Amino acid sequence: MPPAGDAAHAPPPPHRRLVFAFYLTGHGFGHATRAIEVVRHLIAAGHEVHVATAVPEFVFTAELPRSPSSQGLLHIRRAILDCGAVQTDALTVDPLASLLKYHETAVVPRESILRTEAEWLTSINADLVISDVVPVACRVAADVGIPSVCIGNFSWDYIYAEYIVASGDHHRSIVWQIAEDYSHCDILLRLPGYCPMPAFRDVTDVPLVVRGLRKSRSEVRKELGIAENAKVVVFNFGGQPAGWNLKQEWLPDGWICLVCGASDSQEVPPNFIKLAKDAYTPDAMAASDCMLGKIGYGTASEALAYKLPFIFVRRDYFNEEPFLRNLLEHYQGSIEMTRRDFLHGHWKPYLLRALTLQPCYDGPTNGGEVAARILEDTAVGKKCISDKFNGARRLQDAIVLGYQLQRAPGRDIAIPDWYSLSETEVGACPISENIKTKESTESCFEDFEILHGELQGLPDTMSFLKSLSELNQSELKSNGKQPQERIAASVLFDWEEEMYIARAPGRLDVMGGIGDYSGSLVLQLPLREACHVAVQRNHPSNQKLWENTQARRLENGGMEPVVSFGSELSNRSPTFDMKLSDLMDVDKPISYEKAREFFCRNPSQKWAAYVAGTILVLMTELDVKFTDSMSILVSSDVPEGKGISSSASVEVATMAAIAAAYGLNIAPRDLALLCQKVENHVVGAPCGVMDQMTSACGEANKLLAMVCQPAEVKELVAIPNHMRFWGLDSGIRHSVGGGDYGSVRVGTYMGRKMIKCAASDLASESSVSDAPVQSNDYKQNAIELLKSEASLEYLCNIPPHRYEAIYSKDIPEVITGDAFLKKYGDHDDTVTAIDPKRSYNVKAPTRHPIYENFRVETFKALLEAANTDEQLSALGELMYQCHYSYNACGLGSDGTDLLVNLVQEMQHRNMSKGESPSLFGAKITGGGSGGSVCVMGKNCLKSSEEIIEIQQRYKAATGYLPILFDGSSPGAAKFGYLKIRRRPSSPIAAK
């Protein structure tokens with residue numbers, strides 16, 4: 001793409017005064033500060049600018065110069081046409097609240113907005129509409145017949161798309177409408193650090209838009225009374241005051257902190273200086289030695305322009321952040337401070353590390369001037385030079401968007417280097433370089449000695465070893481920009497020492513599902529997608545750590561560093577470190593409750609509970625003493641939120657790798673039960689045990705038949721050759737920690753308690769009753785049966801006929817928590833709690849596991865029946881019944897219903913033609929409320945073709961292409977573990 005900076009050499013601007021309508025989003029002051037720079041140049045050229053925005057007027061009047069020649073050229077009109085992101089605090093976005101707010105702000109009043117804005121544009125005789133980046137502005141301009149130009153580094157369709165993944169797809173129409181609005185835009189002026197923006201047809205890249213300085217470094221320091229040789233950090237978290245409780249000891253001796261955006265009532269220590277609300281931030285930045293804040297376009301661009309080291313704290317659901325972070329890291333201008341260290345005041349190592357950075361951005365910073373010239377030319381009908389690579393760019397944007405939203409299994413989901421760093425031919429996408437031959441994959445094994453275990457021909461294990469072989473720190477640096485997780489991992493291990501690798505797959509819930517915590521028989525298939533974990537024991541004195549951890553270790557003792565691959569685009573921290581002493585309370589392990597609170601402090605690092613929680617459980621349950629530290633690398637191909645047990649695979653692989661490294665002999669069943677404790681008590685998700693059991697004990701191409709009382713493997717059932725199972729992801733994020741799953745579990749345990757109480761009452765009545773019976777033996781047997789049901793441990797031990805005959809009529813549809821507690825005391829479940837103010841469904845959750853256990857037993861028996869369409873139809877009917885029973889419990893979703901309906905349509909379409917169906921059944925899986933469906937059909941080519949057709953029809957209906965899970969692999973016990981070591985002649989071992 002030709003640099004847009006050449007636009008600065010275009011002919012002089014036209015002599016007539018132009019009228020620009022500038023629509024500016026109210027999301028953050030960063031948009032306003034860059035808009036002001038563009039407006040400044042337009043006004044200087046004698047043009048009239050009308051700004052429509054929710055940003056306060058003083059932001060403009062304080063920044064723009066007032067002179068006789070500019071009088072009457074700037075007009076500010078308050079207009080709320082979008083809402084940006086709703087923040088719960090300076091570091092966290094609420095995705096669902098953001099979607100709801102946008103619906104209220106821009107969707108409900110859309111017709112009124114279109115009419116009002118069209119009238120306004122006509123009334124001011126606008127020559128051009130500019131948008132940063134208000135979607136509806138482009139549509140209004142097209143309706144009125146005025147050209148429009150967008151300016152930005154992201155667009156709201158991209159940002160909100162991830163919110164829908166997190167919050168459910170019932171708001172997906174918002175994204176399609178926004179993208180359609182943007183498609184009316186004539187040109188996108190794209191800023192550095194940009195996100196994928198495939199809705200725009202024509203793109204011109206412009207330089208950084210940066211505000212200029214008003215005062216020198218010396219002038220600012222003199223006004224603030226700061227010595228020239230003092231070290232200064234500017235504290236800049238934008239316009240989101242959070243009442244930070246700042247403390248003097250958080251800074252190194254002699255340091256000063258300049259606090260931007262502090263409230264009038266906020267008290268600060270003597271080594272902190274609270275800047276005035278109207279303080280000019282660029283001057284404060286230029287007078288400082290480094291900056292601590294959150295990444296936004298304004299802070300990132302000005303930090304680059306003024307070569308100011310930037311210590312940033314990661315934010316949740318700020319989906320533009322990874323791209324700006326890549327830009328900063330590319331120019332060696334930033335380091336990340338973990339949220340835990342930020343909130344706890346562990347600032348010193350980061351501040352000292354920041355002083356060693358040498359930011360090297362030397363590109364242009366005149367984006368405001370360049371953009372203004374392009375806007376002038378566009379307004380008078382001069383067409384900018386078309387970008388011949390626009391088609392390729394849109395394809396690239398779509399590819400990267402797919403990386404983020406679908407996270408295809410087995411694919412590196414880091415932002416490709418070629419995406420945002422290509423400066424010449426953007427269309428020259430080196431995808432072919434990522435296609436590796438089998439020979440090149442196998443060549444990496446020459447770097448390792450495999451001292452124990454076998455690869456078993458698993459391609460994902462080979463790929464994992466290949467990724468280890470590429471973790472050469474010197475080569476990473478010489479190859480330029482690398483994902484932060486790979487840089488961290490390159491110094492994680494001592495390559496001269498042994499390391500241990502375990503592997504655990506995800507699972508497809510064929511039958512059983514939520515019946516597991518009620519003692520049901522379940523049938524589970526271990527998937528091809530799996531998690532690998534590498535563990536190395538380290539003596540603290542020999543441990544290699546990344547810089548901020550190294551500094552903290554010197555102060556606090558040995559650290560346990562953890563790196564997770566695949567974190568970049570989910571915008572969670574890729575690294576986590578802690579001291580083993582954090583898990584100890586004097587001489588014993590901390591309680592699970594304290595551990596859960598510990599890991600919940602930082603949402604971006606909450607994932608570490610699944611990893612570090614295994615250490616605490618081993619310490620608590622098996623009294624394991626960890627005398628040295630360990631390094632852990634997690635790499636998972638099991639996508640999160642799809643209902644295929646991504647969390648269980650991480651837990652099982654981690655515990656298996658730790659057990660191998662420390663010589664712990666843990667039986668597979670026991671390991672699964674220990675990992676369930678991690679999920680229940682450390683993470684706080686009330687799941688049953690089938691996920692961990694399948695991941696630990698499963699075998700490839702066999703259904704694990706297990707009775708969950710609590711975890712008894714009945715047998716491994718071979719899948720008949722004529723039959724096949726697939727998983728299809730609905731795109732709706734699933735979480736067993738979610739409210740629906742937990743409330744259904746509570747309702748199930750309420751129902752069990754009601755049945756036990758009813759059985760106890762009936763047994764007492766029967767023992768004193770004088771009613772005639774057939775015989776004393778019959779009466780005694782009836783009483784014994786009631787007594788056994790009065791002490792019922794697992795709800796699935798009641799047959800359906802017994803439930804219908806004795807108990808069903810007395811189980812209420814719904815009951816409030818308060819009413820239940822008053823009558824029954826408690827529901828006797830150790831991993832959930834009853835909310836007295838909440839109403840719970842009881843009848844459907846009670847009925848489901850009783851009938852599900854019967855369905856699973858029938859399903860298992862039918863697997864051994866003759867190979868006929870009648871066999872497959874009966875199996876499919878059982879799956880459909882299970883699916884609709886989930887819905888009755890409140891665990892369904894539109895997406896999973898649609899997938900099941902599409903399977904039924906395929907089945908009925910073939911039958912209506914007199915043909916034999918290929919697909920016979922489908923059901924929601926796991927904890928429900930989204931996630932994936934399991935599909936069953938014939939093992940034939942036609943079935944695979946129909947699966948592809950279902951994927952395409954689902955995409956046509958929803959815009960989302962389901963991920964297909966097809967294939968199986970061994971569980972952790974069958975895989976065992978690998979013990980490997982770098983060969984002495986290999987590049988890393990030679991470092």
Side-chain angles (χ1 to χ4, degrees), residues 505-527 643-645 648 669 672-673 676 679 686-699 702-717 719 723 725-727 734 736 741 744-745 748 752 793-800 844-863 874-889 891-892 896 900 921-929 931-936 965 968 971:
R507 67 95 189 94
L508 183 64
D509 168 33
V510 175
M511 288 292 289
I514 59 170
D516 63 344
Y517 55 72
S518 295
S520 178
L521 174 68
V522 298
L523 296 173
Q524 306 296 305
L525 178 66
L527 287 171
I644 57 170
S645 300
R669 175 184 178 277
L673 289 169
Q676 185 196 17
E679 187 107 12
C687 70
V689 74
M690 72 177 188
D691 298 356
Q692 290 81 6
M693 283 292 292
T694 309
S695 192
C697 305
E699 293 188 15
K702 294 181 180 179
L703 297 177
L704 182 76
M706 179 183 69
V707 178
C708 303
Q709 299 188 16
E712 310 308 323
V713 175
K714 200 168 184 179
E715 62 181 300
L716 291 161
V717 182
I719 300 173
M723 188 185 305
F725 296 98
W726 299 265
H734 154 83
V736 295
Y741 180 93
V744 169
R745 175 167 175 148
T748 303
R752 187 190 70 164
E793 185 173 1
Y794 296 103
L795 197 52
C796 288
N797 288 339
I798 296 183
T846 302
R847 188 178 190 275
H848 174 83
I850 295 171
Y851 277 83
E852 181 69 1
N853 185 56
F854 175 78
R855 285 190 289 263
V856 181
E857 289 177 339
T858 306
F859 192 99
K860 179 177 175 294
L862 281 170
L863 287 173
L875 291 169
E877 177 60 28
L878 292 170
M879 297 178 76
Y880 290 141
Q881 288 181 18
C882 171
H883 177 79
Y884 293 113
S885 184
Y886 262 74
N887 285 1
C889 292
L891 292 175
T896 49
V900 171
K923 60 175 282 289
I924 195 170
T925 64
S929 296
S932 300
V933 301
C934 174
V935 181
M936 183 273 297
F965 302 106
S968 182

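Quick caveat: nothing in here was measured; it's all calculated off a predicted structure.
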Exercise for the section: Kindly give the heavy-atom pair with the smallest separation between S968 and L525, and that separation in Å. Expected result: OG-CD1, 3.7 Å

Exercise for the section: Kindly say whether V707 contributes a backbone atom to a donor-acceptor pair with the side chain of E712 at under 3.5 angstrom? Expected result: no

Exercise for the section: Examine distances only and state if a side-chain atom of Q692 and a backbone atom of A648 form a donor-acceptor pair shorter than 3.5 Å. Expected result: no

Problem - Y741 side-chain N/O to I514 backbone N/O, donor-acceptor pair under 3.5 Å - result: no

Exercise for the section: Return yes if some donor-acceptor pair links the side-chain N/O of T925 with the main-chain N/O of V933 below 3.5 Å, else return no. Expected result: no

Problem - G926 backbone acceptor or donor facing Y886 side chain under 3.5 Å - result: yes

Exercise for the section: Answer yes or no: is there a side-chain heavy-atom contact under 4.5 Å between I924 and V900? Expected result: no

Fill in the blank from the handout: Heavy-atom closest pair (F725 atom, L508 atom, distance to 0.1 Å) is CB-CD2, 4.3 Å

Exercise for the section: Check for a donor-acceptor pair, side chain of K923 on one end and backbone N or O of D509 on the other, with a separation under 3.5 Å. Expected result: yes

Problem - Row check, Y851 ring normal vs R855 NZ/CZ: under 6.0 Å, within 45° - result: no

Problem - Side chain proximity check, D516 to V689, heavy atoms < 4.5 angstrom - result: no

Exercise for the section: Would you check if V856 and V522 make a side-chain contact, meaning some heavy-atom pair closer than 4.5 Å? Expected result: no

Problem - Residues, nucleotides or ligands: over 12 heavy atoms within 6.0 Å of F854 CZ - result: no

Handout entry: L527 side chain reached by I644 side chain, heavy atoms, under 4.5 Å
Key = yes

Handout entry: Residue pair Y794 / C708: nearest heavy atoms and the distance that separates them
Key = CE2-O, 3.6 Å

Exercise for the section: For the pair S520 (side chain) and P849 (backbone), establish whether a donor and an acceptor sit closer than 3.5 Å, ignoring hydrogens and angles. Expected result: no

Problem - Check: M693 main-chain N/O paired with R669 side-chain donor or acceptor under 3.5 Å - result: no

Practice task
Step through the shown structure and confirm whether more than 12 heavy atoms of other residues, nucleotides or ligands are within 6.0 Å of CD on Q881.
Solution key: yes

Handout entry: Nearest atoms (heavy-atom pairs only) where M879 meets C934
Key = CE-O, 3.5 Å

Practice task
Using atom types as modelled and distance alone, determine if a side-chain donor or acceptor of Q524 lies under 3.5 Å from a backbone N or O of M511.
Solution key: yes

Problem - Check: Q709 and N797 side chains under 4.5 Å, non-hydrogen atoms - result: yes

Handout entry: Expected output: side-chain T694 to main-chain P526 donor-acceptor under 3.5 Å
Key = no

Exercise for the section: Side-chain contact test, heavy atoms from C-beta onward, threshold under 4.5 Å: evaluate it for C882 versus E852 and give yes or no. Expected result: yes

Problem - Nearest heavy-atom neighbours spanning G515 and C796 - result: O-SG, 4.1 Å

Problem - For S885, side chain to side chain donor-acceptor pair (under 3.5 Å) partners two or more places apart - result: H848

Problem - Side-chain touch R507/L704, heavy atoms, less than 4.5 angstrom - result: no

